[in-house]
Peer 1: 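Before we start, here is the structure in question, set down as C-alpha cells.
Remember, predicted model here, so these are calculated numbers, not experimental data. Worth knowing before you read on, the calculation uses all heavy atoms, side chains too, and leaves out hydrogens, waters and symmetry mates.
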Amino acid sequence: MLFCRVSAVSQTLVRWGRRSHRGGGLLRGAVSFSSSRCHGSAQPTETDSAQGLYRDTVLLPRTDFPMKLSGQKLLDRELEIQKECGFADLYSWQRERKAKREFCLHDGPPYANGDAHVGHALNKILKDIRNRFEMLRGRQVHFIPGWDCHGLPIELKALGELGTSGLSPLQIRQKAREFAEGAIARQKAAFQRWGVIADWDHCYYTYDAAYEAAQLNVFQEMHSKGLIYQDYKPVFWSPSSRTALAEAELEYNPDHVSRAIYATFPLTTLPPKMASEKAGLEGVSVLVWTTQPWTIPANQAVCYMPSSQYSVVKRADNSQLLLVATDRAASIAALLGTELQSVGTFTGSQLEGGLCKHPTIPDKEVPLLPANHVTMAKGTGLVHTAPAHGMDDYSVASQFKLSVECTVDEDGKFNELAGPELHSLSVMTEGTDKVISMLKECGALVKEEQCVHSYPYDWRTKQPVVIRPSKQWFINTASLKDKAKEALQKVRVLPESARSSLLAMLDKRTYWCISRQRSWGVPIPVFYHRETGEALINKHTVSHIAELFKEKGCDCWWELPVEALLPPEVLKKSNAGPVTDYIRGEDVLDIWFDSGASWAAVLGEPDPRADVYVEGKDQLGGWFQSSLLTSVAVRNKAPYKSLVVHGFAVSEHGEKMSKSLGNVVDPDTVINGGKDPSMPAYGADVLRWWVAESNVFSEVQIGPTALNSARDSISKLRNTLKFLLGNLQGFDPRAQAVDPKQMHYIDQYMLHLLREFSIKVTDAYSEFDASRVIRILQAFISRDLSSFYFSIIKDRLYCDSEDSLGRRSCQTALEEILDGVTRSIAPVLPHVAEEVYLYAPGHDKGETLFKSGWIKSSSVWRRPGLEEAVEGACAIRDSFLSSIPGKNAAQYDLTIAIEPGLLFELMESLQEEPTSTSSQLAELMMAARVNLTSELPRDLPPDTLLSHGTFLINLEGGVIREDSAYSLAVVPTSAARCPRCRRYTAESADCLCPRCQTVVSQA
C-alpha cells in the first residue's frame, strides 16, 4: 500500500503558497478528507477543504490578456495597438527590407466624392488581408492607394446650387479640387482606421501633375497608332449633365416606362419583286414599332431582315393592308384585337427597292433597307431607323450613305431643324407628346401602349439619357478587341465565371467616346483651326503639353496663352500655320481614361504590370476594361496577371443599400457605435472579420446579425488564445522548449496537425479565399484543440511538476500552436494578433508580429508512424467512449487487447508497460488505468463492457497496409479520486495519487 505522507505534504503546501497564488476553479467542490489510512501528523479536519489545501499547488492558467473587450475600451485598445505596433510605419519598413520577390496589388482608385462607405470597406479590407499575408511571408508589397479625382459628380457636388453660370473653368476647377481634397482626407482617415497598410505618404491622385503627364503620354501613343480619332456619330448623351457618356457611365433602369407606338409608313413605291409577284397591293403600309416616338421625325429608312419572311395582311376591322414579319402577325393581331388575313407572303430580300412616305414630314420618302440587327423577338419585324439616334441605325446610315442630321440639342430638346411645331420641346416629355399627336393627326398612329423595359440612365444624375450625334473623340475599340481577348487568355480571373462577363462587355463596345464637355478633368490636348475647324494634334503638340502638365499641372491649359501651349518650334515640327490661326479645345477626357492609364502612372518602369487588380463586379465594364484597352493599345499586353472580382455589399435582407430604405450601414458607425442600441461599437477587427468570413464572390450581406456573429466568433477565438497564453505563463521557448523527438507523441502529433493547418491556410490566402481561412481556423480550434487536445492535456499542464518533461513538452506544443494560430489570423485581425503577440513568450519586447514572419512549421514535425500511432489510439478511444455513452471515462479501467503486429507495436510506443495510470496511452484514453495486452483475460468481472473494432494502418505512402483488429474490456475502476488532480488513481479518497504525492513533496 502507498501511504499519504501528510506531514510532508503540509510543509510543502506552505512553500507552494508563498510561490504562487493561482485560481482554484478547477478544484471547486473537491472532497475534504481525513482518514486513519493516511499516516502522519497535521491531518486536515473534516471542515478543511481540499480546494483550499491544494489550490496553490495546481498550475492553473494565468494571463492578463482579456477574453473580451467592448465599448470604449475596445476602441482605445485598437488605437493603442496601431500606435504601439507601428501600423503607420509598417509599409515603409517592408519596402526597405531585402526581399526575393515583390507582390504588386494595384489599387483601383475610389471616387473622391463623399465619405467612406461599406463598399469601400469590403474592397480595401479584402486587399489589405492579401497584402498583410504577402508581407508576413517575406515578400515586398507594392501597394500605392489612389483616388479618382475628376468628373462630373465632384463638379456638381462642389458647385452645389451655384451651378456653373458665371464661373470660369479655372474657378470651377478650384472648387472641384477643394471638394475632392476634403473627400480624400476623410476616406484616407477611414481606411487607416480600418488597419489598412499602404504608402499613405505617397498616394496617387488623378489630378496630380505627374499623373496627368503620364496619362497624356498614353493618349499620345494611342493617337499616333491611329486608335484615337474625332468623328461625328451618335453617342449616349446626358441632357441632365450636358455631356457625352461612355457605356461604363450608364446605369440601366429595368423599370423605365416608355410610350411605345405602332405607326404606319405608306408604301409609295412597291418593291419591284413584290409588285411582279402579287397584283393588287396598292395602299399597303409598312408597320413599325418604337419605344422612342420622339425619334420618328429623324427617320431616314425602314429596315428588314433579308432572310426572314414577311406578309401583307388585311385587317378584318377596317380592311387596312399592313406589311409585317410573318412570325409577328399573330402577336400583332392579338394586340390590335382583330383578325389579320394574309394577302401575300414574301422573303425579306424581295422588299429591296421599296420607298415609304414619311408620316410627319410632307414630301419626304424613305427607303426599305436590309439590316442584320433586325430581330423577330418583338415589334413588327420592320425597324424604324433614325441614324442620329441609334448605334445600329448609324451603321445602316454609314453603309447606305444616309443623312445623320441632329435635331436634338445639348439640353435634350428639339432644335430648329426639327421644325417650328417641335422646336424647344423636351424630347422625352412634351416632345414625345407632340410627335404622337402629329401621328394621330395624319392617321399614321395604329396603337399606343405603356412599355416597361430596361433603359440607360446617367449613373451620376440618375436621369435618362438619349442617343444623339455629336462631334466627339473616340477610341477605336473594335480594332483592339482581338488583341485584348488574346491578352486576357494569359490572365487568371477569380471567380472564373467573371471572365465571360468581361468578354461579353468587351464585345459590346465597338467604340469608346472619351471626350466630355466639362471643365473638371484632363483637357484633350487638341487645337482647332479658326476657319476650317481642322484639329491640330500630333506627337509634337501632345509631348509639349505633357511636359507643361508635368511641370505646372493641367490648369495651365486655361492659364497660359495659346502661344505658350503652341510655341514656334512645335508649330514648325507640325508643319502648321501661325499660332493666331488656332484656338485650344474645350473638352476633357473621360474619367475612365484617367483611371485606365493608372498602370502607366503608378506601377513604374520597366514593366508596369501588377500581380493583381481587385475590384467589384461593376468594374468588369469599367476600370478592368479601360486599363486593359489602354495597356493593350500601348504595349500589347494586359496590365495585370490576375483579376479578382468581388460582389457588392448589400443589406441584411439582400437589398441594395439606399438612404430612402434606411438600410445603409455606415462603417464608421460599425466601428464606433451609433445612437441606436442595436449598433454597438464593434471595432475595426469585427468589420475585417465580416469581410473575411463572407463569400466575397457573391453579394455580401451586412447588418446586426452578421456583425454580432463576427463579434461572437472573435470572442470565441480570444477565449482559445487566452487559454494558450495562460498556460504559457513563465515559459520561455528559447530556453525551455523540448526537442520534438523527446516530446510526448500527442504533442508531436499536434505539431503535425499544426503543419497541415498552416499549409491549408497558406493555400487559402493565396487564392484570395479568406472565408476558407476562417473555416479552416474554426475547425482546427473546435475539433483539434478544444474538443481533443485541450481536454487531454489539462491534467498534465495543471498537475505535473512545473519543470517536468511532460509539461514542458506540452508547453512547447502550445507555444507553437499559439504562434501558428496568431499568425494565421493576423492578416484578418491585425489588432487582435498584435495584442496577443504582446503577451506571447519567446520574443524580445518591442518586436511586433508583422515584422517577424509567417507561420513557422518544420518538416521534422512529420515523423513516420507518429500519425498512425496517435490516430490508431484515437480510433480505440472513440470505441471506448462509445461503450460508455454519457459516462466519465476517468472512472473506468480500460483493457486493450491487440494481437501482435503493427498496431500493437504502435500502441507500445505510447505505453511500454503492460499496465499504467500515467502513460501517454492512458492520457489519450482519459481512463483511470490502461492495460495493454495481446488477448483479453478470461476472468473478467460480470459488469465488464466488451467492444471490438479495426484500424487500417497505412505507412510508407501505402507500401505498408495492415487492417488490425482490437478488443476492449471496460470495467469501473476500484481506485479512488485524488483530491488534488481529481483523477481516479489514488488508493483512497483521503490520499493523493502517487504522481501528486511526488509533485507536492518535491516542490
Side-chain angles (χ1 to χ4, degrees), residues 91 104-117 119-128 131 142-155 157-158 176-177 179-192 194 196-216 218 246 248-249 459-460 514 516 520-522 553-554 588-604 608-631 639-640 643-646:
Y91 184 85
C104 178
L105 194 163
H106 183 35
D107 189 32
Y111 207 53
N113 70 330
D115 294 334
H117 53 69
H120 290 131
L122 174 61
N123 179 260
K124 296 298 181 187
I125 291 171
L126 185 62
K127 292 172 180 174
D128 191 61
N131 281 339
H142 180 285
F143 181 70
I144 301 174
W147 274 268
D148 204 347
C149 310
H150 292 132
L152 185 65
I154 293 172
E155 189 176 315
K157 283 194 174 184
R177 176 184 285 271
F179 180 87
E181 287 171 345
I184 288 167
R186 295 193 302 277
Q187 289 185 20
K188 185 188 292 188
F191 301 164
Q192 289 173 295
W194 302 341
V196 177
I197 55 166
D199 195 352
W200 294 115
D201 295 329
H202 302 95
C203 302
Y204 77 90
Y205 311 100
T206 57
Y207 60 38
D208 271 353
Y211 188 100
E212 292 167 340
Q215 181 180 336
L216 279 201
V218 172
E249 296 171 294
W459 71 297
R460 303 167 177 114
I514 58 168
R516 298 291 179 272
W520 182 228
V522 177
C554 68
V588 297
L589 283 164
D590 175 18
I591 58 170
W592 291 109
F593 191 87
D594 285 14
S595 58
S598 62
W599 56 267
V602 180
L603 297 185
R609 193 159 181 247
D611 287 291
V612 66
Y613 280 27
V614 183
E615 300 300 330
K617 61 184 181 182
D618 55 329
Q619 298 307 316
L620 288 169
W623 189 56
F624 290 156
Q625 191 181 114
S626 63
S627 299
L628 176 67
L629 291 172
T630 54
S631 180
Y640 36 70
L643 283 180
V644 174
V645 188
H646 63 75

Peer 1: Work out which heavy atom in Asp590 is nearest to a heavy atom in Glu249; give both atom names and the distance.
Peer 2: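 It is OD1-OE2, 3.4 Å.
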Peer 1: To check you understand the geometry: which heavy-atom pair defines the closest contact between His150 and Thr206, and what is its length?
Peer 2: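 Looks like CE1-O, 3.2 Å.
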Peer 1: What's the separation between atom SG in Cys149 and atom CG in Asp594, rounded to the nearest 0.5 Å?
Peer 2: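 Between atom SG of Cys149 and atom CG of Asp594 there are 9.0 Å.
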Peer 1: For His106, which of Trp599, Trp623, Phe143 qualifies under ring-ring contact (aromatic ring centres under 6.0 Å, His included)?
Peer 2: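 Among the candidates, only Trp623 passes.
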Peer 1: Decide salt bridge (charged side-chain N to carboxylate O under 4.0 Å, His left out) for Glu181 and Lys188; before the verdict, give the C-alpha distance in whole Å, the side-chain angles of both, and the deciding distance to 0.1 Å.
Peer 2: CA-CA 10 Å; Glu181 287 171 345; Lys188 185 188 292 188; over 6 Å; no
Peer 1: Show your reasoning for whether side chain to side chain contact (heavy atoms under 4.5 Å, CB included) applies to Thr630 and Phe593.
Peer 2: CA-CA 8 Å; Thr630 54; Phe593 191 87; 4.0 Å; yes
Peer 1: Assess the side chains of Gln187 and Asp115: does a donor N or O sit below 3.5 Å from an acceptor N or O?
Peer 2: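 The criterion, which ignores hydrogens and geometry beyond distance, is not satisfied for Asp115 and Gln187.
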Peer 1: Show your working on side chain to side chain contact (heavy atoms under 4.5 Å, CB included) between Asp611 and Leu105 and close with a plain yes or no.
Peer 2: CA-CA 6 Å; Asp611 287 291; Leu105 194 163; over 6 Å; no
Peer 1: For the residue pair Asn123 and Glu615, establish whether any side-chain heavy-atom pair is separated by less than 4.5 Å.
Peer 2: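 Side-chain contact under 4.5 Å: yes.
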Peer 1: I'd like to know if the side chain of Ser626 reaches the main chain of Trp592, judged simply by a donor and an acceptor atom lying under 3.5 Å from each other, with no hydrogens or angles considered.
Peer 2: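 Yes; judged by distance alone, with no hydrogens or angles, the pair exists.
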Peer 1: Do Val614 and Leu126 pass the side chain to side chain contact (heavy atoms under 4.5 Å, CB included) test, and can you show the C-alpha distance, the side-chain angles, and the key distance before you say yes or no?
Peer 2: CA-CA 8 Å; Val614 183; Leu126 185 62; 3.9 Å; yes
Peer 1: Distance to the ring centre below 6.0 angstrom and angle to the axis at most 45 degrees; does that hold for Arg177 and Tyr207?
Peer 2: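 So Arg177 does make the cation-pi contact.
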Peer 1: If we only count heavy atoms from C-beta on, is the His142 to Ile144 side-chain gap below 4.5 Å?
Peer 2: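 Yes, at least one pair of side-chain atoms sits under 4.5 Å.
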Peer 1: What is the ring orientation for His117 with His120, classed by angle as parallel under 30°, tilted 30 to 60°, or perpendicular over 60°?
Peer 2: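 Rings of His117 and His120: parallel, as their planes differ by under 30°.
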Peer 1: Which pair of heavy atoms, one from Gln215 and one from Val522, lies closest together, and at what distance?
Peer 2: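 Scanning both residues completely, I find the closest heavy atoms to be OE1-CG2, 3.7 Å.
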Peer 1: What distance do Ile184 atom CD1 and Trp147 atom CH2 have between them, rounded to the nearest 0.5 Å?
Peer 2: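 It is 6.5 Å, given to the nearest 0.5 Å.
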Peer 1: Return the CG to NZ distance between Asp107 and Lys127, rounded to the nearest 0.5 Å.
Peer 2: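 Output value for this atom pair is 3.5 Å.
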Peer 1: Spell out, as yes or no, whether a donor-acceptor pair under 3.5 Å connects the side chain of Ser598 to the backbone of Ser595.
Peer 2: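 Here the side-chain-to-backbone pair exists.
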Peer 1: Is there side-chain contact between Trp194 and Asp128, with heavy atoms separated by less than 4.5 Å?
Peer 2: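 No, every pair of side-chain atoms sits at 4.5 Å or beyond.
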Peer 1: Do Pro639 and Arg609 have side chains that approach each other closer than 4.5 Å (heavy atoms only, starting at C-beta)?
Peer 2: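 Pro639 does not reach Arg609 side chain to side chain.
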Peer 1: Which pair of non-hydrogen atoms, one from Pro110 and one from Gly146, has the smallest distance, and what is that distance?
Peer 2: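 Answer, listing the atom of Pro110 first, then Gly146: CD-O, 2.9 Å.
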Peer 1: Could you give me the CA-CA distance, side-chain angles and deciding distance for Tyr640 and Leu628, then say whether side chain to side chain contact (heavy atoms under 4.5 Å, CB included) is met?
Peer 2: CA-CA 8 Å; Tyr640 36 70; Leu628 176 67; 3.3 Å; yes
Peer 1: Find the distance between CD1 (Ile514) and CZ (Arg516) and round it off to the nearest 0.5 Å.
Peer 2: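 If I round to the nearest 0.5 Å, the distance is 8.5 Å.
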Peer 1: Can you tell me how the ring of Tyr613 sits relative to the ring of Phe624, calling it parallel under 30°, perpendicular over 60° and tilted otherwise?
Peer 2: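 Taking Phe624 first and then Tyr613, their aromatic rings sit tilted (interplane angle of 30° to 60°).
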Peer 1: To check you understand the geometry: which heavy-atom pair defines the closest contact between Tyr205 and Tyr211, and what is its length?
Peer 2: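 The answer is O-CB, 3.6 Å.
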Peer 1: If you take all heavy atoms of Phe179 and Asn113, which pair is closest and at what distance?
Peer 2: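 Nearest heavy atoms, Phe179 then Asn113: CE2-CA, 3.7 Å.
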Peer 1: Just how far is it from atom CH2 of Trp459 to atom CG of Leu152, taken to the nearest 0.5 Å?
Peer 2: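 Answer rounded to 0.5 Å: 9.5 Å.
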